[in-house]
Amino acid sequence: MSGKYLVTGGAGYVGSVVAQHLIEAGHEVSVLDNLSTGFREGVPAGAAFIEGDIRDAAKWLDSSFDAVLHFAAFSQVGESVAKPEKYWDNNVGGTMALLAAMRDADVRRLVFSSTAATYGEPVSTPITETDPTAPTSPYGASKLAVDHMITGEATAHGLAAVSLRYFNVAGAYGEFGERHDPESHLIPLVLQVAQGTREAISVYGDDYPTDDGTCVRDYIHVADLAEAHLLAVRAATPGEHLICNLGNGNGFSVRQVIETVRQVTGHPIPEVMAPRRDGDPAVLVASAATAREKLGWHPSRPELAGIVADAWAFAQRKG
Ligand SMILES: O=c1ccn([C@@H]2O[C@H](COP(=O)(O)OP(=O)(O)O[C@H]3O[C@H](CO)[C@H](O)[C@H](O)[C@H]3O)[C@@H](O)[C@H]2O)c(=O)[nH]1
């Protein structure tokens, strides 16, 4: 059955890919984005576009919407340490306003873009949703605060809600890919080296307690992530707040990622050693057993080479 959905942050990387998937599945999509970090071209053709802030969501939200998929947020870990107020204001304050607008408009279904950063330094690997949450940055803390707000909203007011905790999202889908300004994520930065717009990739630390000394992450294809959102909209149950990790359960080190980019692009990719980056845990790998069991989610693009190849095709297209 087709539905009508508000996608906040649908001009950003993940939001645009999810909006595109919703449209392809026959749903009606409105994107709400203030373009503070997103791009107008990121809004899929076929979506209605509202240029505006989530704080003003009440202006556009009415009971004709079946659900909100909420991506709009600031997401730079380092920036959040330098400017925590910016993260509390937008990520938490903005979401409070959005939840109030949903209550007033009687829109009672929500899928929220949460993050592995809510866990902080893991106590064990792979990370499960019942593990302790001790974020090491205001970014992670702001997302965790929203998760708590949503739990309260479900319990008190019957919201049907799912939070999806992303591990390292990568890859591209059609014309939608990763594009941040400034870029801070590993795969797009390594691809810039392959394209010749960056001389070398800095490896942030090679003295971690991992096989090759560099940090290990769980990379997930953005299209697999998008599929989980469509399943989550359907699985959301009134009065319940389901939290699911999204990852492939396989860890790749920074050096393995660089090597994969060498193989995919045929470029030598020079590396330079750099100090550790503050707040980087050594290993972040997900258990996605809850997503498999409760959402029926089965990622179909788990291979790192395939994820990198799609990101590379996107990077080349945009030049
Ligand atoms: O130039 C670089 C960039 C990154 N890295 C390393 O590559 C790994 C991946 O870094 P990313 O910045 O690509 O991703 P993060 O794991 O830091 O970030 C992810 O997890 C964060 C929470 O931990 C946030 O959720 C963030 O939005 C999400 O992309 C890290 O070990 C990082 O130190 C480098 O060595 N060199």
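Order of listing sets the numbers, starting from 1, for every ligand and every atom in it. From a predicted model like this one, the values you see are computed outputs, not experimental measurements.
Contacts with ligand 1 closer than 4.0 Å are made by heavy atoms of both the backbone and the side chain of His185. In Pro281, neither the side chain nor the backbone holds a heavy atom less than 4.0 Å from any atom of ligand 1. Contacts with ligand 1 closer than 4.0 Å are made by no heavy atom of Thr214, backbone or side chain. At a heavy-atom distance under 4.0 Å, no atom of Phe74 approaches ligand 1. At a heavy-atom distance under 4.0 Å, only backbone atoms of Val203 (N, CA, C or O) approach ligand 1. Of all the heavy atoms of Tyr139, the ones lying under 4.0 Å from any atom of ligand 1 belong exclusively to the side chain.
Among protein heavy atoms, atom 35 (O) of ligand 1 sits closest to Tyr204 N, 3.0 Å. The nearest heavy-atom contact from the protein to atom 20 (O) of ligand 1 is Asn168 OD1, 4.4 Å. Nearest protein heavy-atom contact of atom 1 (O) of ligand 1 is Leu189 CD1, 3.4 Å. Among all protein heavy atoms, the one lying closest to atom 12 (O) of ligand 1 is Arg277 NH2, 3.1 Å. At the shortest separation from atom 13 (O) of ligand 1 among protein heavy atoms lies Leu186 N, 2.8 Å. Nearest to atom 21 (C) of ligand 1 among the protein's heavy atoms is Val77 CG2, 4.0 Å. Among all non-hydrogen protein atoms, the one lying nearest atom 6 (C) of ligand 1 is Val254 CG2, 3.7 Å.
Atom numbering of ligand 1 starts at 1 in the shown order; those under 4.0 Å from a heavy atom of Tyr219 are 9 (C). Residue contact check: Asp280 has heavy atoms under 4.0 Å from atoms 17 (O), 30 (C), 31 (O), 32 (C), 33 (O) of ligand 1. Taking a cut-off of under 4.0 Å to the non-hydrogen atoms of Ser184, the atoms of ligand 1 that pass are 3 (C), 12 (O). Annotation for ligand 1: atoms under 4.0 Å from non-hydrogen atoms of Thr115 are 25 (O). Atoms of ligand 1 lying under 4.0 Å from any heavy atom of Cys215, numbered from 1 in the order shown and given with element: 31 (O). The distance from ligand 1 to the heavy atoms of Ile201 drops below 4.0 Å at these ligand atoms: 1 (O).
Considering all non-hydrogen atoms of both residues, Trp312 and Gln195 come closest at CZ3-CG, 3.5 Å. Smallest separation of non-hydrogen atoms from Ser163 and His241: OG-NE2, 2.7 Å. Closest approach of Arg108 and Met102 over heavy atoms only: NH2-C, 4.1 Å.
No donor-acceptor pair under 3.5 Å is formed between the side chain of Arg103 and the backbone N or O of Glu153. Not one N or O on the side chain of Arg301 forms a donor-acceptor pair closer than 3.5 Å with the backbone of Val222. When atom types are taken as modelled, the side chain of Asp206 and the backbone of Asp212 share no donor-acceptor pair closer than 3.5 angstrom. With Asn91 contributing its side chain and Phe74 its backbone, the two residues share a donor-acceptor pair below 3.5 Å.
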Yes or no on ring pair (Phe, Tyr, Trp, His ring centres under 6.0 Å) for His229 and His21, after CA distance, side-chain angles and deciding distance? CA-CA 9 Å; His229 289 73; His21 274 74; 9.5 Å; no
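Here's the thing with Ser202: one of its N/O atoms is less than 3.5 angstrom from an N/O atom of ligand 1. Polar contact with ligand 1: absent for Ile187 (N/O pair, distance under 3.5 Å).
Between Tyr87 and Tyr139, the ring planes lie perpendicular to each other; the angle is over 60°, past the 30° to 60° tilted range.
The closest heavy-atom contact to atom 27 (O) of ligand 1, among the options Ser253, Ser75, Ala73, comes from Ser75. Of the listed options Ser113, Ala117, Gly78, Ala117 places a heavy atom closest to atom 22 (C) of ligand 1.
Atom CD1 of residue Ile243 and atom NZ of residue Lys294 lie 12.5 Å apart, to the nearest 0.5 angstrom. In this structure, the separation between OG on Ser114 and CD1 on Ile150 is 7.5 Å, given to the nearest 0.5 Å.
Residues Phe49 and Leu35 are in side-chain contact: their nearest non-hydrogen atoms beyond the backbone lie under 4.5 Å apart.
Using a cutoff of 4.0 Å between basic side-chain nitrogens and carboxylate oxygens, Glu51 and Arg40 are not scored as salt-bridged.
When the options Thr115, Asn245, Leu246 are evaluated for a side-chain contact (heavy atoms from CB on, under 4.5 Å) with Phe167, the one that passes is Asn245.
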